[in-house]
Amino acid sequence: MLENIFTLLMLVLLQAVLGFDNLLYISLESKKAPEIKQKRVRKVGILVAIVLRIILLFLLVSIIDYFKEPFSFLTGGIDDIVKFAFNGHSIIVLLGGGFIIYTAIKEIWHMIGTPDLEQSEIVEARSKKTANAAIVSIVIMNLVFSFDSILAAIGLTSEIENSTTAFIIMAIAIVVSGLLMLFLADRVSAFLAKNKMYEVLGLFILFIVGIMLVTEGGHLAHIKIFGNEIVPMSKTTFYFVIVILIITDIVQGKYQKKLLTKK
């Protein structure tokens with residue numbers, strides 16, 4: 001019993017740590033919906049994602065080998081130039097990572113592409129998504145982010161003999177972490193709304209998240225380019241880069257204030 005409680009606490013902690021990048025995406029994506037509907041978009045998106053995560057958990061437990069085994073028609077290469085062996089997991093992670101990189105670059109380009117800030121806000125208002133479209137984007141990306149955390153959860157509960165107990169523990173961890181995300185989503189969004197300068201930082205963090213997913217997907221697909229295997233970015237490296245970005249942003253902001261004061 002104590003062992004199961006400890007496993008549950010470990011899973012909740014794991015889901016919370018791995019959910020940071022997901023939370024950032026939710027906050028940035030919900031901004032694309034009409035302002036009066038943004039709060040609802042975040043809540044509905046996360047609640048739907050929690051339900052779909054549990055369904056995904058059930059499916060992965062049942063057909064986990066299918067996602068790990070390479071597809072024969074997507075295995076091969078071109079002499080010593082490139083080799084690959086794609087499986088279901090790698091394709092989902094690669095597509096998710098690619099989409100996040102595209103989203104981050106598009107938003108950064110939009111920020112620097114319009115010289116007038118007021119004009120930028122008008123363009124942004126015109127290009128708003130519908131609430132339902134934003135919810136769909138949040139749910140889809142939530143599922144992409146879920147793959148690694150669910151597979152890690154399956155690994156952590158592999159020693160539990162009773163499969164039903166293991167499933168219940170994983171489902172509880174998903175619900176608890178989802179409710180925690182629900183609690184924090186509005187606060188993160190409110191912070192970004194009050195401190196718009198941090199949006200750029202958030203987009204660059206999102207860009208790094210995309211790179212991390214692409215490298216992980218390339219590793220899962222056993223991609224080798226000129227004999228060199230793609231190595232995934234570790235979580236330690238990811239968080240180290242994030243800390244450096246935040247420190248740089250804070251220092252640069254304070255230095256910029258000093259320069260403005262001198263002028």
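Being a predicted model, the structure only gives us computed values, none of them experimental. Nothing fancy with the numbering, it's 1 onward along the sequence.
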- Query: Is there a donor-acceptor pair under 3.5 Å between the side chain of Thr215 and the backbone N or O of Met233?
  - Reply: yes

- Query: Say you draw a straight line from NZ of Lys31 to OG of Ser189; how long is it, rounded to the nearest 0.5 Å?
  - Reply: 9.5 Å

- Kindly determine whether Thr248 and Leu201 satisfy side chain to side chain contact (heavy atoms under 4.5 Å, CB included), including the steps that lead there. CA-CA 10 Å; Thr248 303; Leu201 175 64; over 6 Å; no

- Test Phe238 against every option in Val209, Ile211, Val243 by the side-chain contact (heavy atoms from CB on, under 4.5 Å) rule and name the one that passes. Val209

- Query: Taking C-beta and beyond as the side chain, do Val251 and Ile247 meet within less than 4.5 Å on heavy atoms?
  - Reply: yes

- Heavy-atom check, side chain of Ile54 versus side chain of Val175, under 4.5 Å: yes

- Message: Side-chain heavy atoms nearer than 4.5 Å, only ILVMFWY residues, links allowed to pass through others: does that put Ile101 and Ile91 together?
- Response: yes

- Can you hop from Ile55 to Ile169 via hydrophobic side chains spaced under 4.5 Å? yes

- What heavy-atom pair brings Leu220 and Ser90 nearest, and what distance separates the two atoms? CB-CB, 3.6 Å

- Which distance, rounded to the nearest 0.5 Å, do you find between the CG of Asn228 and the NZ of Lys83? 12.0 Å

- Determine, using the 4.5 Å side-chain heavy-atom cutoff (strictly less than), whether Ile230 and Ile78 are members of one ILVMFWY cluster. yes

- Query: Out of curiosity, Ile100 CD1 to Glu29 CD, how far, rounded to the nearest 0.5 Å?
  - Reply: 10.0 Å

- Query: Hey, does the side chain of Glu216 reach the backbone of Pro232 with a donor-acceptor pair shorter than 3.5 angstrom?
  - Reply: no

- Message: So which atom in Asp186 and which in Lys39 form the shortest heavy-atom distance, rounded to 0.1 Å?
- Response: OD2-CE, 3.0 Å

- On a heavy-atom basis, the closest approach of Ile46 and Ala185 is CD1-CB, 3.8 Å

- Query: Is it true that Leu52 and Ile140 fall in one hydrophobic cluster, defined by side-chain heavy atoms closer than 4.5 Å?
  - Reply: no

- Exercise: identify the closest heavy-atom pair between Phe86 and Leu94: CE2-CD1, 3.5 Å

- Task: For the residue pair Asn87 and Glu69, establish whether any side-chain heavy-atom pair is separated by less than 4.5 Å.
- Result: no

- Task: State the OG-CD distance between Ser30 and Gln38, to the nearest 0.5 angstrom.
- Result: 5.5 Å

- From Ile81 CD1 over to Lys224 NZ, what is the distance, rounded to the nearest 0.5 angstrom? 15.5 Å

- Message: Quick check for you: to the nearest 0.5 Å, what is the distance between Asn132 atom CG and Ser137 atom OG?
- Response: 11.0 Å

- Note on the structure: Closest heavy-atom pair, Tyr25 versus Ile138, reported as atoms and distance to 0.1 Å, is CE2-CA, 4.3 Å

- Item | ring-ring contact (aromatic ring centres under 6.0 Å, His included) partners for Phe226, two or more places apart | none

- Message: Testing the 3.5 Å rule here: is there a donor-acceptor pair between the side chains of Thr75 and Ser72?
- Response: no

- Do Phe71 and Val82 belong to the same hydrophobic cluster, where Ile, Leu, Val, Met, Phe, Trp and Tyr are linked whenever their side-chain heavy atoms lie under 4.5 Å apart, directly or via other members? yes

- Is it the case that Arg187 places NZ or CZ above or below the six-membered ring of Phe191, under 6.0 angstrom from the centre and within 45 degrees of the axis? no

- Item | Test side chain to side chain donor-acceptor pair (under 3.5 Å) applied to Asp249 - qualifying residues, sequence neighbours left out | none

- Task: Examine distances only and state if a side-chain atom of Thr103 and a backbone atom of Phe99 form a donor-acceptor pair shorter than 3.5 Å.
- Result: yes

- Is there a side-chain contact between Arg53 and Ser177, using heavy atoms and a 4.5 Å cut-off? yes

- Query: In terms of heavy-atom contacts, does CZ of Phe240 have more than 12 from other residues, nucleotides or ligands at under 6.0 Å?
  - Reply: no

- Item | Test log, rule side chain to side chain contact (heavy atoms under 4.5 Å, CB included), inputs Ile108 and Phe204 | CA-CA 8 Å; Ile108 292 167; Phe204 273 101; 4.0 Å; yes

- Can you find a pair of side-chain heavy atoms, one from Lys43 and one from Leu182, that are under 4.5 Å apart? yes

- Message: On a heavy-atom basis, which atom in Val41 and which in Ala33 lie closest, and how many Å separate them?
- Response: CG2-CB, 3.8 Å

- Message: Atom CD of residue position Glu229 - does it have more than 12 heavy atoms of other residues, nucleotides or ligands inside 6.0 Å?
- Response: yes

- Message: Is it the case that atom CD1 in Ile36 sees more than 12 heavy atoms from other parts of the structure closer than 6.0 Å?
- Response: no

- Considering residues, nucleotides and ligands other than Phe73, do more than 12 of their heavy atoms fall under 6.0 Å from its CZ? yes

- Task: Please step through side chain to side chain contact (heavy atoms under 4.5 Å, CB included) for the pair Ile205 and Leu24, ending with a clear verdict.
- Result: CA-CA 9 Å; Ile205 291 174; Leu24 182 61; 3.6 Å; yes

